[in-house]
Trainee: 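Please find one structure pasted underneath; my questions will follow.
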Amino acid sequence: MSLEENLRAAFPDLRVTISEQLAEDDRVATRKTFRGTHNGDFMGLPASGRPVEFEVIDILTFERGKISEHRVVLDQLGLMRQLGAMA
């Protein structure tokens with residue numbers, strides 16, 4: 001399953017807000033906030049019913065009109081803390 005499929009299964013009410021988007025040459029960077037409720041398994045953690053909010057930064061590189069690279073940075077430590085998996 002892709003990251004998006006895993007997120008949608010774990011947080012079925014997932015909402016995404018784009019905070020910032022920049023484009024230059026062959027790259028597009030997007031900073032966004034994900035919000036949802038942990039109602040499904042995620043990374044081995046059973047549903048907790050907890051609300052979560054975390055930031056994600058995507059950087060896409062294009063070649064000949066198609067995505068050639070997709071980099072994702074997310075606050076995984078903050079997310080795991082919100083899910084109660086880490087102190």
Side-chain angles (χ1 to χ4, degrees):
M1 241 195 286
S2 70
L3 176 60
E4 182 179 343
E5 290 169 329
N6 282 326
L7 288 171
R8 292 278 176 203
F11 309 99
D13 63 343
L14 192 66
R15 297 169 315 283
V16 180
T17 303
I18 294 175
S19 307
E20 189 173 11
Q21 191 167 57
L22 306 168
E24 184 175 314
D25 298 326
D26 61 349
R27 290 196 176 102
V28 176
T30 306
R31 183 173 61 90
K32 49 197 161 192
T33 303
F34 285 63
R35 293 176 184 86
T37 308
H38 183 214
N39 286 327
D41 289 347
F42 182 69
M43 296 181 68
L45 297 172
S48 66
R50 294 178 181 201
V52 297
E53 179 176 317
F54 56 98
E55 283 207 354
V56 174
I57 297 173
D58 284 313
I59 302 172
L60 301 173
T61 304
F62 293 85
E63 287 182 17
R64 294 182 292 282
K66 294 185 179 184
I67 297 171
S68 62
E69 183 178 16
H70 181 196
R71 288 181 261 165
V72 179
V73 179
L74 68 98
D75 181 10
Q76 194 168 5
L77 177 60
L79 174 58
M80 297 308 269
R81 284 183 172 155
Q82 291 175 67
L83 296 175
M86 304 181 85

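Residue numbers start at 1 and run along the sequence shown. Given the structure is predicted, the values throughout are model-derived calculations rather than measurements.
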Trainee: Side-chain contact test, heavy atoms from C-beta onward, threshold under 4.5 Å: evaluate it for Leu14 versus Arg8 and give yes or no.
Mentor: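 They are in side-chain contact.
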Trainee: Give, for atom CG of Asn6 and atom CE of Met43, the distance between the pair rounded to the nearest 0.5 Å.
Mentor: 9.0 Å
Trainee: Less than 4.0 angstrom from a charged side-chain N to a carboxylate O is my criterion; do Arg31 and Glu55 meet it?
Mentor: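 The answer is yes: the pair qualifies as a salt bridge.
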Trainee: Would you indicate whether the side-chain heavy atoms of Thr30 and Ile18 approach each other to under 4.5 Å?
Mentor: yes
Trainee: Would you give the length of the straight line joining atom CZ of Arg15 to atom OG1 of Thr33, rounded to the nearest 0.5 angstrom?
Mentor: 11.0 Å
Trainee: Is any side-chain heavy atom of Leu79 less than 4.5 Å from a side-chain heavy atom of Phe34?
Mentor: no
Trainee: I'd like to know if the side chain of Asp75 reaches the main chain of Gly78, judged simply by a donor and an acceptor atom lying under 3.5 Å from each other, with no hydrogens or angles considered.
Mentor: yes
Trainee: Which atoms form the tightest heavy-atom contact between Ala10 and Phe42, and what is the distance?
Mentor: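 Residues Ala10 and Phe42, closest heavy atoms: CB-CB, 3.5 Å.
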Trainee: I need the Leu7 CG to Phe54 CZ distance, nearest 0.5 Å.
Mentor: 5.0 Å
Trainee: Are the side chains of Leu45 and His38 in contact, using a 4.5 Å heavy-atom criterion?
Mentor: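 Answer yes - side chains close enough.
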Trainee: Might you work through the side chain to side chain contact (heavy atoms under 4.5 Å, CB included) test for Arg81 and Gln76, ending with a clear yes or no?
Mentor: CA-CA 9 Å; Arg81 284 183 172 155; Gln76 194 168 5; over 6 Å; no
Trainee: Any side-chain heavy-atom pair from Met86 and Leu77 closer than 4.5 angstrom?
Mentor: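 Met86 reaches Leu77 side chain to side chain.
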Trainee: So if you build clusters from Ile, Leu, Val, Met, Phe, Trp, Tyr with side-chain heavy-atom gaps below 4.5 Å, do Ile67 and Ile59 land together?
Mentor: no
Trainee: Evaluate the side-chain proximity of Leu83 to Val52: yes if any heavy-atom separation is below 4.5 Å, no if none is.
Mentor: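 Yes, their side chains come closer than 4.5 Å.
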Trainee: Return yes if a side-chain donor-acceptor contact under 3.5 Å exists between Thr37 and Asp13, otherwise no.
Mentor: yes
Trainee: Is there side-chain contact between Arg35 and Val16, with at least one heavy-atom pair below 4.5 Å?
Mentor: no
Trainee: Examine distances only and state if a side-chain atom of Arg50 and a backbone atom of Gln82 form a donor-acceptor pair shorter than 3.5 Å.
Mentor: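 Between the backbone of Gln82 and the side chain of Arg50 there is a qualifying donor-acceptor contact (under 3.5 Å).
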Trainee: Might you point out which heavy atoms bring Ala47 and Gly40 nearest each other, and give the distance in Å?
Mentor: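 The answer is CB-N, 3.5 Å.
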Trainee: With a 4.5 Å cut-off on side-chain heavy atoms, are Glu69 and Leu60 touching?
Mentor: no
